[in-house]
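The next block holds one structure in the form of structure tokens; read it before the comments.
Order of appearance sets the numbers: ligands from 1, and atoms from 1 within every ligand. Only this structure's heavy atoms are used, side chains among them; waters, hydrogens and symmetry mates stay out.
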Amino acid sequence: MTLSDHPLLEVTGLTKTFPVRQSLLSRWRGQPRRAVQALTDVNLSVKRGETLGIVGESGCGKSTLARTLVRLYTADSGSVRYGGQDVLALSGAELRGYNRRVQMIFQDPYSSLNPRMTVGQVLREALGVHKMRPADQIPARVSELLSLVGLPAEAANRLPHEFSGGQRQRIGIARALALEPECLIADELVSALDVSVQAQVVNLLLELQERLNLTVLFVAHDLRLVRHLSHRVAVMYLGRVVEVASTEAAFEAPKHPYTQGLLAAAPTLDPGSRSLEPAISGELPSPLNVPSGCAFRTRCKSAFGRCATERPLLSDTGDGHMVACHLYSGAGPT
Ligand SMILES: Nc1ncnc2c1ncn2[C@@H]1O[C@H](COP(=O)(O)OP(=O)(O)O)[C@@H](O)[C@H]1O
Ligand SMILES: [Mg+2]
């Protein structure tokens with residue numbers, strides 16, 4: 001594996017809101033338009049050949065981030081650079097080229113696989129649209145792709161519904177690989193699968209990442225899933241990145257109180273070490289009404305005065321361990 005120092009993907013100040021439909025009455029009353037703050041000032045960078053795990057509770061903006069990166073959603077502001085290109089400004093052939101190099105794989109490939117097309121037809125279509133191979137080499141490439149994801153060659157003759165959930169994920173991965181991407185964005189790829197099948201698909205992804213030197217953004221709400229295959233982990237809370245660290249540091253020495261709470265809440269295999277007290281108290285605030293200052297302060301046991309008034313910025317606390325928390329940014333609680 002080669003990790004170059006230069007980031008392949010660099011996200012700076014990425015912000016995305018979704019306007020909320022307003023009733024006629026509230027408009028007539030002149031009430032301000034409301035918006036869901038799905039992403040606020042997100043900063044991230046990913047090196048070539050690196051797997052970045054992106055974790056956080058449901059609703060914290062992970063899918064919005066993934067979709068904004070592949071231009072399925074339009075960002076409100078901020079920048080995304082990929083290999084020196086300004087992604088948010090791409091159009092035409094350049095955008096198609098980017099969309100080939102950066103492939104998104106979804107949680108449920110079944111909904112995106114045409115139920116009447118055989119797996120072979122799905123893969124031949126993917127190869128054909130982007131003219132990945134001359135016609136006479138396509139059958140061999142279809143078999144090769146199936147073998148890459150651990151499916152037998154005869155899978156090509158079958159329809160999606162004939163496969164299990166884990167196998168359908170393999171088909172989704174094969175379809176993405178047909179386009180010879182450099183970067184995969186996997187959004188909750190295995191979240192709907194049984195635990196034993198999850199491990200198999202995660203292992204496949206790990207193997208493919210190393211073999212093809214892929215750059216991977218692995219999005220999951222379950223911390224256990226990202227640990228095994230991520231080099232680094234980014235933790236999101238209410239549309240913001242609150243911590244970025246090597247996987248080892250994120251799991252062994254997390255700094256943000258939210259990350260600490262998430263880890264304490266993650267089920268362990270050892271029943272003796274299970275704590276009964278919830279590690280993070282209170283409800284997740286509505287993204288329509290994000291708390292001022294630090295968004296996590298309403299649930300944070302360590303919150304102090306400054307947390308309500310000043311938004312902590314993501315900053316390096318040493319060795320690239322980034323955290324957005326006032327406990328680490330100079331003047332702490334007094
Ligand atoms: N297309 C959309 N229209 C309106 N609101 C959306 C849309 N997509 C996501 N949201 C809102 O943005 C927030 C972040 O959602 P999402 O990115 O799906 O989070 P996650 O993937 O972490 O669960 C949520 O409050 C969600 O309701
Ligand atoms: Mg999601």
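Using modelled atom types, no side-chain atom of Lys301 and backbone atom of Ile280 make a donor-acceptor pair closer than 3.5 Å. Looking at Glu243, its side chain never comes within 3.5 Å of a backbone N or O of Val235 through a donor-acceptor pair.
The two residues Arg101 and Tyr82 have their closest heavy-atom pair at NE-CE2, 4.0 Å. For Val241 against Met236, the heavy-atom pair with the smallest separation is CG2-CG, 4.1 Å. Shown here for Asp41 and Gly13, the closest heavy-atom pair between the two residues is OD1-CA, 3.1 Å.
By the 4.0 Å N-to-carboxylate-O rule, Glu50 lies close enough to Arg232 to be salt-bridged with it. For Glu207 and Arg211, the salt-bridge test passes: some basic side-chain N is under 4.0 Å from an acidic carboxylate O.
For the Mg ion (ligand 2), the nearby protein N/O/S atoms, meaning those under 2.8 Å, are Ser63 OG.
Protein neighbours of ligand 1 below 4.0 Å, counting non-hydrogen atoms: Phe18, Val36, Ala38, Glu57, Ser58, Gly59, Cys60, Gly61, Lys62, Ser63, Thr64, Tyr73, Pro287.
Within a 6.0 Å sphere centred on CG of Asp136, heavy atoms belonging to other residues, nucleotides or ligands number more than 12.
Of the options Val216, Ile173, Val202, a side chain to side chain contact (heavy atoms under 4.5 Å, CB included) to Leu189 is made by Ile173 and by none of the others.
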